[in-house]
Engineer: 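Provided herewith is a single structure, encoded as structure tokens, for subsequent inquiry.
This chain uses plain numbering: 1 for the first residue, then up along the sequence. Just so you know, ligand 1 is whichever comes first in the structure, and atom 1 is the first atom listed for that ligand.
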Amino acid sequence: MSDNQTSPVTAVQPAAKRLADYLPPDYLVPALNLTFRLAPQTTRVTAVSQIERNGEHQRPLILDGEQQQIEQVLVDGAEVAYQHTDGKLTLANVPAKFELTLVTVIDPQGNSSLEGLYMSDGAYCTQCEAEGFRRITFFPDRPDVLSRFSVRIEAPTEFPFLLSNGNKVEQGRLDDGWHYACWQDPFPKPCYLFALVAGDFDLLEDNFTTKSERDVKLQVFVDKGNLNKAHHAMASLKKAMAWDESRFDLEYDLDIYMIVAVDFFNMGAMENKGLNVFNTKYVLADEQTATDEDFHGIESVIGHEYFHNWTGNRVTCRDWFQLSLKEGLTVFRDQEFSSDVGSRAVNRIHAIKVMKNHQFAEDAGPMSHPIRPEEVIEMNNFYTVTVYDKGAEVIRMMHTLLGEQGFQAGMKLYFERHDGQAVTCDDFVQAMQDASGKDLSQFRRWYSQAGTPELTVTDSYDADKGVYRLDVKQFTPTRSNEQPKLPLHIPFSVELLDNEGNSLVNELLELTEASQSFEFDVKGGAPVPSLLQDFSAPVKLHYQYATAQLLVLMGFASSEVARWEASVSLFSQAVWQNVARLQQQQAMSLDSSVIDAFRAVVLHATQDHALSAEMLKFATANSLIEQVEQVDLDALFSARDFVIDAIADATEDELLARYRELVGQDNAASRSFKNAILALLARSADGHESLLTQQFNAAEGMTDALGALAAAVAGSADCRDELLEQFGKQWQDTPLVMDKWFTLQGSINEDSVLQRLTGLQDHPAFSFNNPNRVRSLLGAFASTNLPQFHRADGQGYQFLTNVIKKMNGLNPQVAARIMTPLIQFSKFDAQRQQQLKACLQQLLDLPDLSRDVYEKASKALGQ
Ligand code: B3K
Ligand code: ZN
């Protein structure tokens with residue numbers, strides 16, 4: 001229509017959206033009928049929406065839409081005037097109830113951002129969360145508009161599988177070698193849960209009967225030739241379905257559940273209703289190509305996406321600021337699943353490590369936000385460790401305060417009240433409070449206060465009265481523009497032990513004030529306190545542990561997690577003591593009691609091998625940095641290396657003997673222990689090259705092959721390059737294994753690593769278009785090879801900056817994700833800070849800067 005105004009999408013307008021500005025939608029779309037005629041560069045999308053005005057008003061209908069050509073806009077079948085500008089389509093004077101028909105054309109092949117409809121290795125697939133649906137058609141792209149979807153897909157028959165959400169209701173042949181399939185999803189859903197897949201796959205099928213006797217067909221679609229790698233994913237799905245019934249009383253609600261694995265994917269997986277799309281990394285596995293850790297990761301992500309069917313899909317988010325409503329809760333649920341079917345202690349340790357290695361840094365950096373953010377420029381930047389993992393810790397604290405029974409009563413009430421709705425985090429907490437009777441009003445502050453609370457604990461013992469006293473202060477640091485923060489409701493779990501390791505007291509304390517004291521009757525001497533057991537709250541703990549106390553806890557704390565925590569504290573103290581020595585130009589040294597404690601871990605006859613392995617993996621530099629206000633990075637790297645090397649040298653005989661004993665023990669825990677030991681042997685004076693090559697060559701699975709290779713790389717063994725070459729040749733055609741190889745290459749702590757990484761960008765297995773490859777070769781370098789990334793000449797920073805410049809145009813979401821190490825610099829020396837700021841300025845000066853990169857760079861530079 002000639003009078004219609006269509007202006008090109010304008011340059012990025014990085015304006016923030018605010019939670020406080022939330023308004024209900026002006027129009028609802030109870031039903032939507034989509035037809036896709038698939039072609040790589042010109043896919044035609046016909047969207048027929050039944051639209052209803054929401055409330056009494058005369059406001060225009062405004063739809064979101066990007067990256068598409070408009071061919072037709074009809075209201076009740078007649079052409080109408082519209083305005084198209086800045087990613088919005090505006091229709092004035094629409095009736096209260098009408099049918100809107102939109103025909104638009106999109107370009108899946110040219111879509112390198114992997115949002116909306118795109119192509120992965122020749123197959124069509126979609127990713128709509130958070131705001132990708134607007135790249136498919138014009139629509140109110142917000143989670144509180146729920147629609148019944150019907151979908152028709154037309155494609156050439158070389159795409160035999162045409163999939164969408166819900167149930168297949170029709171399929172058939174068309175002219176000229178085309179065919180079609182029609183799908184209907186009986187559950188109204190927000191458009192972010194829409195999915196479409198078209199391609200040729202191998203298909204693994206199974207079925208599951210729910211407890212109310214619904215027979216569910218299960219399908220896992222994988223790239224041709226990978227069927228034998230889909231069995232673990234299928235087994236994990238069945239386990240997850242059974243677990244959700246038994247622990248949460250939640251059953252699946254459709255007759256079919258499909259999982260499609262694609263190699264080009266921005267994140268881990270996506271919970272689209274009835275049709276999950278997964279990164280191959282979280283589906284494909286066999287013993288030859290996947291490690292024990294990969295197997296565990298698959299089980300947990302398959303579980304996570306399945307659990308979203310209730311926590312996310314049946315009850316969804318009102319707006320994206322409420323993301324933690326579904327993500328924090330679903331991470332909590334997947335953690336509980338992993339803990340119920342595996343080792344609870346080891347799973348807890350993994351979750352704690354995520355918090356201490358990554359979330360504390362985010363909370364202390366320029367992207368710090370509450371688990372329910374209040375202001376967002378690019379929503380994709382808020383799929384963070386704060387929203388997910390701190391969000392899960394907040395749910396876990398409610399579980400701790402309410403107990404399993406109270407918590408499950410809260411879940412039940414939540415579903416009774418909100419099934420089929422789009423709701424808020426407050427609605428969730430209210431259900432927990434109403435069902436349990438526990439007052440959670442102060443607890444809600446966890447949703448609005450950013451930053452990591454710090455607990456400072458001092459103690460005293462009155463020998464005459466036999467009274468032990470703990471004084472606990474809580475304080476949450478503020479950033480420059482923030483209001484002072486209020487005290488939080490913190491579950492604080494404490495065990496008291498005597499010096500022989502007997503448990504005297506085990507209690508859950510509740511902190512609610514800035515300062516509180518607790519007294520315990522303890523006869524026979526001052527006890528050893530195990531504080532914040534199992535990380536009962538996501539806080540930093542300050543308590544001056546004496547070495548002797550840590551040794552008691554490491555050996556005897558009732559909680560295995562507390563024993564591991566004590567080993568971390570013992571190691572950390574040794575590192576910081578040596579940092580201080582270096583700064584005073586003194587020689588470094590290590591107390592024999594510390595060595596003996598780790599020797600005891602190596603020798604321990606009865607401890608779970610997986611726990612022993614965790615104790616020998618040692619705190620990362622990232623987690624150590626989070627323990628202090630300012631850090632001398634060079635001294636930290638040297639001191640950390642020194643302490644690990646000293647332990648390895650002093651315990652070499654015991655390590656070797658233990659290693660020999662563990663060889664051939666065919667279980668994941670023993671392999672983990674064995675490989676932790678091998679990593680130490682590679683760092684010891686002898687280096688044990690022959691053991692490395694022997695294990696590498698004799699390895700029956702990927703866990704042992706990679707264990708040997710990783711040990712050779714970390715220990716800078718002479719055989720390193722030869723083994724790397726051998727491995728690279730052997731697996732050159734297996735992308736997921738090449739990712740492991742790329743990551744190891746980037747972890748080499750040598751000045752030449754940057755040239756190495758530059759050269760590898762031309763490797764046939766590498767591609768900037770594939771997020772897995774970019775993350776493994778380049779992202780992992782910046783986030784884990786700290787000595788080289790932070791090298792004094794600033795070249796590590798410049799290297800990453802150049803990568804981000806390239807990714808900014810190709811895939812902004814991945815660009816912004818891997819730039820995190822550039823923005824967390826407040827603890828570093830002035831020179832490094834200056835270098836980092838100069839790099840961020842280069843990014844801000846980019847001509848086509850994405851919103852994603854803009855938001856992080858500008859926040860880091862305080863703009
Ligand atoms: N909900 C998705 C994440 C979508 C991320 C969009 N940038 C996966 C998950 O958390 O289960
Ligand atoms: Zn999720």
Engineer: Counting only heavy atoms from other residues, nucleotides and ligands, does the tally under 6.0 Å from NZ of Lys412 exceed 12?
Structural biologist: no
Engineer: Using only heavy-atom distances, determine whether the side chains of Gln421 and His418 contain a donor-acceptor pair under 3.5 Å.
Structural biologist: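 His418 and Gln421 do have a side-chain donor-acceptor pair below 3.5 Å.
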Engineer: What atom name does the N, O or S atom of His308 nearest to the Zn ion (ligand 2) carry?
Structural biologist: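 Restricting His308 to its N, O and S atoms, the minimum distance to the Zn ion (ligand 2) goes to NE2.
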Engineer: Could you check if a side-chain atom of Gln322 sits within less than 4.5 angstrom of a side-chain atom of Val423, using non-hydrogen atoms only?
Structural biologist: no
Engineer: What are the polar N/O contacts of ligand 1 with the protein below 3.5 Å, with distances?
Structural biologist:
residue: ligand 1; atom: 1 (N); partner: Glu129; partner atom: OE1; Å: 2.6
residue: ligand 1; atom: 1 (N); partner: Glu271; partner atom: OE1; Å: 2.8
residue: ligand 1; atom: 1 (N); partner: Glu271; partner atom: OE2; Å: 3.4
residue: ligand 1; atom: 1 (N); partner: Lys326; partner atom: NZ; Å: 3.4
residue: ligand 1; atom: 1 (N); partner: Glu327; partner atom: OE2; Å: 3.1
residue: ligand 1; atom: 7 (N); partner: Asn380; partner atom: OD1; Å: 2.8
residue: ligand 1; atom: 7 (N); partner: Gln813; partner atom: OE1; Å: 3.2
residue: ligand 1; atom: 10 (O); partner: His304; partner atom: NE2; Å: 3.4
residue: ligand 1; atom: 10 (O); partner: Glu327; partner atom: OE1; Å: 2.9
residue: ligand 1; atom: 10 (O); partner: Glu327; partner atom: OE2; Å: 3.0
residue: ligand 1; atom: 10 (O); partner: Tyr388; partner atom: OH; Å: 2.5
residue: ligand 1; atom: 11 (O); partner: Glu271; partner atom: OE1; Å: 3.3
residue: ligand 1; atom: 11 (O); partner: His304; partner atom: NE2; Å: 3.1
residue: ligand 1; atom: 11 (O); partner: Glu305; partner atom: OE1; Å: 2.8
residue: ligand 1; atom: 11 (O); partner: Glu305; partner atom: OE2; Å: 2.9
residue: ligand 1; atom: 11 (O); partner: His308; partner atom: NE2; Å: 3.2

Engineer: With ring centroids as reference points, do Phe307 and Phe337 lie under 6.0 angstrom apart?
Structural biologist: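 Close enough - the centres of the two rings lie under 6.0 Å apart.
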Engineer: Check the side chains of Asp206 and Tyr257 for a donor-acceptor pair under 3.5 angstrom, ignoring hydrogens and angles.
Structural biologist: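 Asp206 and Tyr257 do not have a side-chain donor-acceptor pair below 3.5 Å.
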Engineer: Determine, using ring centers only, whether Trp320 and Phe382 are less than 6.0 Å apart.
Structural biologist: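 So the answer is no for these two rings.
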Engineer: Of all N, O or S atoms in Glu327, identify the one at the shortest distance from the Zn ion (ligand 2).
Structural biologist: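 When I compare the N, O and S atoms of Glu327, OE1 is nearest to the Zn ion (ligand 2).
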Engineer: Listing request: all salt bridge (charged side-chain N to carboxylate O under 4.0 Å, His left out) pairs with a residue in residues 357-368, at least two apart in sequence or in separate chains.
Structural biologist: Asp363-Lys390
